[in-house]
Structures are given as C-alpha cells and as structure tokens.
Amino acid sequence: MDVLQHAPALTPADASQLALRLFGVKADASPLPSERDQNFALLTPSADRFVLKIANSTDALPLLEAQNAALAHVSRTSTLCPRVIPTVNGEAIATVDTSSGAHHFVRLFTWLPGVPLGTVANQPPALLDALGAAVAELDTALEDFDHPAIHREFYWDLARGVSLCRELAPSIADERMRALVGGLLDRIEVQDAPRFARLRRAAVHNDPNDYNVLVDLRPAAELPPEGGSYTSPNHVASGFSRKITGILDFGDIVHSYAIADLAIAAAYAVLGKPDPLAAAVSVVRGYQRQRTLEDDEIAALFGLILLRLCTSVCVAARQQRQRPDDEYLSVSQGPIAETLPALAALDPAAVESAFRLARGRTPEETLAARRRVIGPNVSIAYRRPVKIVRGWMQYLYDESGRQYLDAYNNVPHVGHSHPRVVRAATEQMLVLNTNTRYLHDKLAMFAERLTATLPPQLRVCYFVNSGSEANELALRLARAHTHRREVIVLDAAYHGNTTTLVDISPYKFNGPGGEGAPPWVHVLPLPDTYRGKYKRDDPRAGEKYAEFARYVTNPSAFIAESAPSVAGQIILPDRYLASVYAIVRAAGGVCIADEVQTAYGRMGTHFYAFEAQRVVPDIVVLGKPIGNGYPIGAVVTTREIAASFDNGMEFFSTFGGSTVACAVGLAVLDVVEEERLQDHAREVGAILVDRLRDLIGDHPLVGDIRGSGLFLGVELVKDRATLEPATAEASEVSNRMRERGILLGTDGPFHNVIKIRPPMPFTAEDAEHLARTLADVL
Ligand code: PMP
C-alpha cells in the first residue's frame with residue numbers, strides 16, 4: 001500500500017474553516033511540509049500560533065491516541081514536544097470527511113518556536129551535542145510510557161530493519177549504492193544483529209531526523225537568563241543560542257530499541273558533514289550527559305546508525321519505483337549517497353571506542369575542573385586547548401572523534417598505544433610488578449639489550465623514572481667520580497625539573513621566574529650556526545664554539561643534548577662535541593650526553609645523536625622514548641664511573657627498573673628494531689625536509705629549516721638579514737596548525753622555532769600533508 005495516495009488534500013481555506021469550527025480558533029492557515037499527513041501553521045490575529053494536523057486516512061485511531069498519550073506523558077517532564085489542544089467539544093481527536101469521501105482525523109497542537117535543524121547550515125559540535133541532549137531528554141521522558149498501539153509492525157522500526165532492507169535492497173536502482181547497502185547488511189547481520197538482540201526496549205519517537213528537530217537561533221543576548229551557560233546542556237555561551245526547542249511528529253512512534261532515537265538522530269546529523277564520525281560523537285556525547293547508555297547499546301549504536309541509513313535508501317527506492325516523479329521522497333538520498341560510503345569505510349571498533357569515550361566532560365568543563373585542582377603554571381598547549389581522549393600511532397583524537405596528526409610528541413616513539421608495548425605492559429602487570437631488590441630476568445635482559453645499542457665502553461645501567469631523575473643521577477655519578485661540583489652547560493638548555501636541574505638549565509634560570517646561574521654553573525654559547533657567532537659557512541665553527549669550554553678550569557661535568565632540542569632543534573656543527581669533550585676531559589671532567597629527546601633512531605642517520613658527532617660520552621642519559629610513554633629513565637655509564645659511585649651509599653629508585661618498566665623497555669626496543677624505525681625516520685625525514693625547504697622561496701617568514709631524521713625545526717624570522725625572531729607569528733602558526741588538525745610546538749630561546757618531532761610511524765603522506773598545511777597557514 002502506498003500511504004501517500006491517502007494523504008489529505010485540504011486547501012488553506014479548508015484548514016482555516018476547520019480550525020474555527022472544531023477548535024474555535026480564528027486563524028490564517030499556511031501549509032507546512034509533510035510527507036504523509038497535512039499540516040498547517042495557524043496564525044491568529046493576536047499572533048498566537050498553532051499547528052493543525054490532518055492525518056493520513058490510513059492512520060488508525062488507536063495509533064493517534066497512542067501519540068497523544070505519549071505527548072501528554074512527555075509534557076509532564078519536558079517542554080520539548082507540542083501539547084494537544086482539545087476541540088470545543090472536549091475531544092482530543094476530531095473527525096472530518098472530505099468531499100472525496102475519505103475519512104481524516106484532525107488534531108490541534110501548540111506551536112513550538114525555532115527552525116528545523118535541517119535548515120541550519122552551520123552545525124557546530126555544540127549544536128549536535130545539544131541535539132543529543134534533547135533526544136536523551138525525550139527518551140528519559142518516554143521511559144515509563146507504554147500503549148498497546150505502539151507494539152506494532154512498522155517498516156521504520158529498526159528492530160525489523162535488517163529483514164526489511166533485505167527485501168527491498170534489490171530495488172535500489174543505483175548499482176554502487178545497491179552493492180554498498182548489500183555489503184553493510186552482510187556486516188550488520190553477522191556483527192551487529194547478535195548485539196541488537198540484547199538491547200533493552202522502550203517506547204521511542206523513532207524519527208528525530210533533522211527536519212523534526214527545531215533549533216532556536218536567536219543571539220544569546222536575547223535568550224532567557226538560563227540560556228548561556230555550559231551547565232545547561234541545551235545551550236552554549238558562544239554568541240548564538242544553540243538551543244534545541246522542539247522535537248516534532250510522533251507519527252512513527254513504536255516500541256523498539258531504547259536507543260533507536262539516538263541512532264536515528266545521529267544518522268541524520270552526520271549527513272553532509274566533513275567529519276561524520278566527529279558529528280556522531282558530538283550527538284552521542286550530548287546524549288550521554290543526560291542519559292546513561294548500557295555497554296551493549298554503545299556497541300550496537302554504529303550498526304543501528306548504518307541500518308537506519310540503509311533503511312532510508314531502501315524505502316526511498318521502493319517509493320521511487322512507485323512514484324518516479326516525486327522529488328520530496330528523495331530529499332535525504334543525496335546526502336546519504338555522499339556520506340554512507342564514508343561511514344562504511346570507518347573501522348567499527350574505532351567508532352565504538354569513540355562512542356564509549358564520548359561520555360566525558362566537555363573541554364570547557366575539563367579546563368575548569370583542572371584550573372580548580374592543578375597548579376596554575378602547569379601549562380596547556382594552544383590558545384584553544386585540545387582535549388585528547390585516544391591515541392593511535394602518529395594520531396591523536398579529541399573528544400569529538402576528530403583526528404589530529406601528532407607532529408610534536410617524541411615520547412610515544414614507536415606510536416601512541418602501540419599494541420606490542422601495551423601488551424607487554426599488560427601481560428607483565430598481570431603477573432608481577434616489583435622492584436630491583438629481587439632477582440628477575442627482565443632487568444638484566446633490558447640492560448643487556450639497551451647497552452648493546454651503545455658503544456662498548458658504556459655497559460653499566462641504572463634505571464629510574466624520568467629524564468629529570470636520570471640527569472640528577474648523572475650529575476651525582478660525575479661528582480662521585482671527579483669529587484668536584486662545577487658543571488658546564490650550553491646556553492638555552494633544559495635538563496629537567498628538579499632543583500639541581502633548574503640550576504643547570506639556562507632555559508629555566510634565565511627565563512621567567514628564573515634567578516640566574518648559580519656560581520658553580522658555567523654557560524657556553526649555543527653552537528647555533530644560524531643565529532650564533534660562527535655560521536654554517538665557517539668550516540671551523542665547531543672547534544671555535546668549543547673553545548669557550550677552556551674558561552672552566554675544574555669541571556665536574558659537561559652536560560649537553562647531543563642535538564639541542566629545547567634550544568631550538570639545533571644540529572651541532574661538525575667536531576663540536578669532539579672538541580669540547582677533549583677540553584673537558586683534559587681538565588678532569590666527564591662528559592654527559594643528554595639523549596632524552598634524541599635517542600633510538602630519531603635522527604635517522606644514527607641510533608643516538610652523539611654518534612653523528614663521532615664521540616663516546618662517559619655518561620648517557622635516556623628518558624622519554626625508551627618507555628614509549630611508560631615512565632622510564634636510564635643512565636648508562638662506564639665501569640670506572642660506576643665504581644666511583646659505589647662508595648658505600650646504596651642507590652635505589654622504587655619504580656626504576658620495575659618488572660613492568662623492563663618489559664615495556666624490551667618491547668620498545670623490539671619494535672624499534674623490527675619496524676626499522678631509524679631507517680624510516682631517515683627516509684621520511686628527508687622527504688619532509690625537502691618539502692619544508694620548498695617553503696623558503698615563497699614565505700619570507702621562514703628563515704631556516706634544519707634537522708635530521710624526524711628531529712626538525714623551522715625557524716621563523718621577521719627579517720632574514722637581521723634574523724629578528726618572529727615569535728608571535730610562530731605561536732600563531734602553531735595555533736592555526738592545531739585548528740587544522742596538526743599538532744606542533746614552538747621552542748628555542750625566542751620561541752620562534754617550530755618543533756617537528758613526531759612519533760616515528762609518521763609517514764611520507766603525513767609529511768606531505770604537514771608541509772602543504774604549513775604552506776597554507778604561512
Ligand atoms: N632532558 C631533556 C633534554 C628534556 O627535554 C627533558 C624534558 N623535556 C628532560 C631532560 C627531563 O625529562 P622529564 O620531563 O622526563 O623529567
């Protein structure tokens with residue numbers, strides 16, 4: 001049966017007359033769009049508004065009674081839905097007979113303000129979040145509603161969706177769409193149908209599509225006082241109200257899966273969006289703030305969203321066969337054809353986890369909570385902070401499911417959440433996690449594997465929990481070995497957050513809040529051949545910079561990053577470290593290489609940055625990448641220095657070298673080797689440097705491109721002759737890159753160097769994408 005043949009066909013004048021006769025409302029009537037019923041907007045002379053609804057003649061009275069009962073039920077706790085206004089005789093439903101002999105039921109409803117969501121071109125995450133919250137409010141209001149007429153066989157019921165689609169899919173005219181829907185149905189039947197069977201059921205509206213949802217788009221200033229706070233889920237304080245004011249049309253009400261409304265609202269909300277997953281996550285987040293989803297529901301949600309869109313395609317295909325000329329029938333088909341393939345290509349497991357994570361606070365709430373309980377100088381990146389809820393390899397994902405290319409974090413060296421590392425940690429944690437006071441094979445195994453990557457002089461390991469702790473220990477080793485205190489450092493260096501390390505970090509003691517260098521700390525000029533005294537065209541720049549070390553006559557230690565990162569992604573000039581090391585050793589000091597940022601193949605050409613300088617340090621300090629995010633620090637030194645440190649005082653770090661740390665450390669080394677990440681960094685880094693160098697011609701801001709492997713810097717200057725640092729511009733670039741989904745940072749003494757040091761799985765395509773985006777932003 002084609003219900004559209006049974007749609008009423010009244011004129012606006014007929015509607016006006018009906019309103020007056022049945023409801024005593026004197027008003028002008030104008031038609032509202034509808035598929036199977038006829039709806040009229042009524043406007044009275046006193047500017048009151050109503051909606052007159054004349055039902056399809058196939059609509060049975062019990063179902064209309066059920067709709068009215070549902071509306072009355074909802075109105076007890078929510079103002080989202082219209083209320084029924086009885087006739088002058090007190091009937092909720094009147095009857096009219098048309099001249100063609102058809103029998104129609106007529107109802108009058110209160111008017112809800114707003115425009116259909118489907119007509120709002122700009123649908124930011126906050127609006128979709130509000131949609132989710134409104135649907136949750138409706139579902140909560142319907143929770144304890146029931147009526148015999150809603151237990152019905154209905155082709156839009158998702159609980160029947162699979163069999164309906166199976167029946168209708170062959171009639172889809174477009175071959176590619178037919179194949180897509182067929183494939184999705186196969187997947188849904190195998191993977192999702194068993195989950196559907198476990199879902200709780202309830203009365204649902206069953207059609208909160210974007211034309212049944214109303215939005216108030218007034219400027220926030222015109223809103224009632226409650227509109228404009230983040231605490232109210234239907235509002236945001238962002239200039240314009242994003243209030244969802246109504247959910248209309250209970251014509252599809254049915255007893256079905258309790259999450260059907262969420263699935264349906266999300267199914268339409270994602271259409272035509274550049275990032276459909278992010279749109280769906282916004283809806284799901286808003287929903288979950290109001291109403292808790294069960295585990296099975298989250299697991300089934302994506303399948304139901306796909307099933308609703310498949311149902312829409314199938315039903316439209318059938319109707320198009322029946323009425324090939326009716327354009328109204330296909331309004332949503334264009335957007336579905338556009339978006340369904342993108343949804344089908346998503347990994348269902350990733351979608352499920354994005355939905356699961358979408359229960360948290362909004363970024364604004366997170367920020368406010370953090371400000372209340374975390375120290376104020378624990379800094380946050382970017383003008384508009386990013387809230388990250390998930391990581392995978394070189395990508396990070398925010399609470400809306402948006403993907404960011406991580407071009408900044410060198411801690412997750414082998415990739416965020418690398419499964420090998422996660423498995424190693426989990427499996428070890430399930431069995432044992434204890435300290436170095438007991439024998440365990442993994443401690444020695446990790447130390448053996450680690451020292452095997454280093455020159456043969458460096459064979460003794462100490463494990464700690466951070467780069468700072470490792471540098472502290474390195475200083476203690478140096479002092480124990482030399483019985484001296486003086487330390488030589490490079491300008492603009494950072495070595496860690498402890499009292500002593502702030503004392504040897506010019507980046508800190510010469511920066512805001514710093515108190516200058518203590519008397520036992522000696523600062524050498526940064527051997528920066530772009531900005532410093534000796535430039536790249538000077539073949540002896542390395543030796544010349546090294547000469548400054550001669551001024552310190554009784555050093556305990558020289559400590560430097562083998563490629564200074566915090567100081568601005570500096571590549572040291574040839575022979576620099578060899579010359580300084582020679583001077584320091586001749587003066588009785590030891591040489592510490594801080595490889596916290598640069599180790600494990602990042603430089604592409606070598607496993608450690610000091611190797612590129614052809615030196616062997618006396619102490620190597622390791623941190624960040626060696627635990628891939630699990631806190632591991634390590635100090636590796638010579639037998640002689642270790643012997644000096646063994647002066648009777650025990651060394652113990654509670655968590656350092658714990659069983660889990662060693663399991664993780666071994667897994668990271670396995671991955672670095674098996675995935676040939678050093679070679680990969682060399683290859684991809686070369687491509688990235690090439691693309692970045694192309695920027696120099698077109699963008700006067702770009703002063704210098706430098707680096708090695710996946711350790712790169714882009715120095716921005718206002719003037720290539722004076723090298724005046726473009727500090728504000730660098731910050732602007734990094735903020736705009738963040739808006740475009742690429743995470744970078746700035747560093748260097750003037751904060752004008754854009755730092756690129758991504759997780760090592762970063763690909764050539766990522767490099768091209770980064771360079772293209774950077775060119776755009778510049
Ligand atoms: N050394 C260097 C070169 C670093 O960059 C850092 C951290 N940025 C540290 C040491 C200190 O490491 P952590 O923060 O793990 O203590």
Side-chain angles (χ1 to χ4, degrees), residues 125 128-140 142-143 157-159 161-162 184 187-206 208 233 255-270 273 275-311 339-340 342-363 365-366 387-392 396-403 417 422:
L128 299 177
D129 182 290
L131 168 66
V135 171
E137 182 178 321
L138 177 60
D139 284 352
T140 307
L142 280 172
E143 218 156 41
D157 178 359
L158 283 171
V162 175
L184 282 172
R187 189 169 100 193
I188 291 168
E189 254 180 349
V190 175
Q191 291 177 10
D192 298 291
R195 295 166 167 165
F196 295 170
R198 292 195 296 268
L199 295 177
R200 59 179 165 165
R201 299 193 175 224
V204 289
H205 175 283
N206 206 43
H255 199 271
S256 183
Y257 303 135
I259 52 158
D261 285 347
L262 172 59
I264 294 162
Y268 292 91
V270 302
K273 300 288 192 300
D275 187 344
L277 176 57
V281 168
S282 292
V283 179
V284 174
R285 180 175 350 92
Y287 191 96
Q288 295 200 81
R289 220 182 14 255
Q290 298 284 94
R291 189 163 191 261
T292 308
L293 289 173
E294 294 180 350
D295 254 20
D296 281 337
E297 290 179 326
I298 294 182
L301 189 54
F302 186 44
L304 289 176
I305 291 172
L306 292 170
L307 184 56
R308 172 63 181 217
L309 293 174
C310 289
T311 306
T339 306
L340 193 55
L343 289 177
L346 295 172
D347 170 10
V351 175
E352 181 182 330
S353 83
F355 287 168
R356 257 176 224 294
L357 289 163
R359 337 182 151 177
R361 300 163 153 142
T362 64
E365 288 162 341
T366 306
K387 177 168 177 179
I388 297 298
V389 297
R390 189 162 68 85
W392 180 251
L396 290 169
Y397 298 84
D398 74 8
E399 78 295 344
S400 75
R402 180 178 183 191
Q403 176 182 284
S417 305
V422 174

Between L184 and L343, is any pair of side-chain heavy atoms under 4.5 Å apart?
no
Hey, does D275 have a side-chain heavy atom less than 4.5 Å from the side chain of Q403?
no
Steps toward side chain to side chain contact (heavy atoms under 4.5 Å, CB included) verdict (F355, I305):
CA-CA 12 Å; F355 287 168; I305 291 172; 4.0 Å; yes
Under the rule for side-chain hydrogen bond (donor to acceptor under 3.5 Å, both in side chains), what residues qualify as partners of D347, not counting sequence neighbours?
none
With P125 via side chain to side chain contact (heavy atoms under 4.5 Å, CB included) - residues at least two apart:
S282
Set of residues satisfying side chain to side chain contact (heavy atoms under 4.5 Å, CB included) with respect to S353, sequence neighbours excluded
R390
Tell me the closest heavy-atom pair linking V270 and P276, and the distance in Å.
CG1-O, 3.3 Å
Look at the side chain of K273 and the backbone N and O of A280, then say whether any donor-acceptor pair between them is shorter than 3.5 Å.
no
For Y257, all residues meeting ring pair (Phe, Tyr, Trp, His ring centres under 6.0 Å), sequence neighbours excluded:
F196
With no hydrogens and no angle check, is any side-chain donor or acceptor of D261 less than 3.5 Å from a backbone partner on N206?
yes
Kindly indicate whether the side chain of E294, heavy atoms from C-beta on, has any atom under 4.5 Å from the side chain of R198.
no
Report yes if the side chains of V204 and L138 come closer than 4.5 Å at any heavy-atom pair, otherwise no.
no
Do F302 and L346 have side chains that get closer than 4.5 Å, going by heavy atoms?
yes
Here the pair of heavy atoms bringing G161 nearest to L307 is C-CD1, 3.8 Å
Taking every heavy atom of R361 against every heavy atom of T366, the minimum-distance pair comes out as CB-OG1, 3.6 Å
Of I264, L199, L262, the residue whose pairing with L304 passes side chain to side chain contact (heavy atoms under 4.5 Å, CB included):
L199
S417 side chain to G391 main-chain N or O, any donor-acceptor pair under 3.5 Å?
yes
Under 3.5 Å, side-chain donor or acceptor atoms of residues 187-194 against the rest of the protein: list the pairs with distances, not counting sequence neighbours.
{"residue": "R187", "atom": "NH1", "partner": "A344", "partner atom": "O", "Å": "3.3"}
{"residue": "E189", "atom": "OE1", "partner": "R166", "partner atom": "NE", "Å": "3.4"}
{"residue": "E189", "atom": "OE1", "partner": "R166", "partner atom": "NH2", "Å": "2.9"}

Shortest non-hydrogen contact between R291 and A258, atoms and distance:
NH1-O, 4.1 Å
Any side-chain heavy atom of L158 within less than 4.5 Å of one from R308?
yes
Hits for side-chain hydrogen bond (donor to acceptor under 3.5 Å, both in side chains) against D139, two or more places apart or cross-chain, chain-then-number order -> Y287
Quick one: OG1 on T311 to CG on D157, what's the gap to the nearest 0.5 Å?
9.5 Å
With the threshold set at 4.0 Å, does a side-chain nitrogen-carboxylate oxygen contact exist between R195 and E352?
yes
Taking the side chain as everything from C-beta on, heavy atoms only, tell me whether V135 gets closer than 4.5 Å to V283.
no
Do I298 and Q288 have side-chain heavy atoms sitting under 4.5 Å apart?
yes
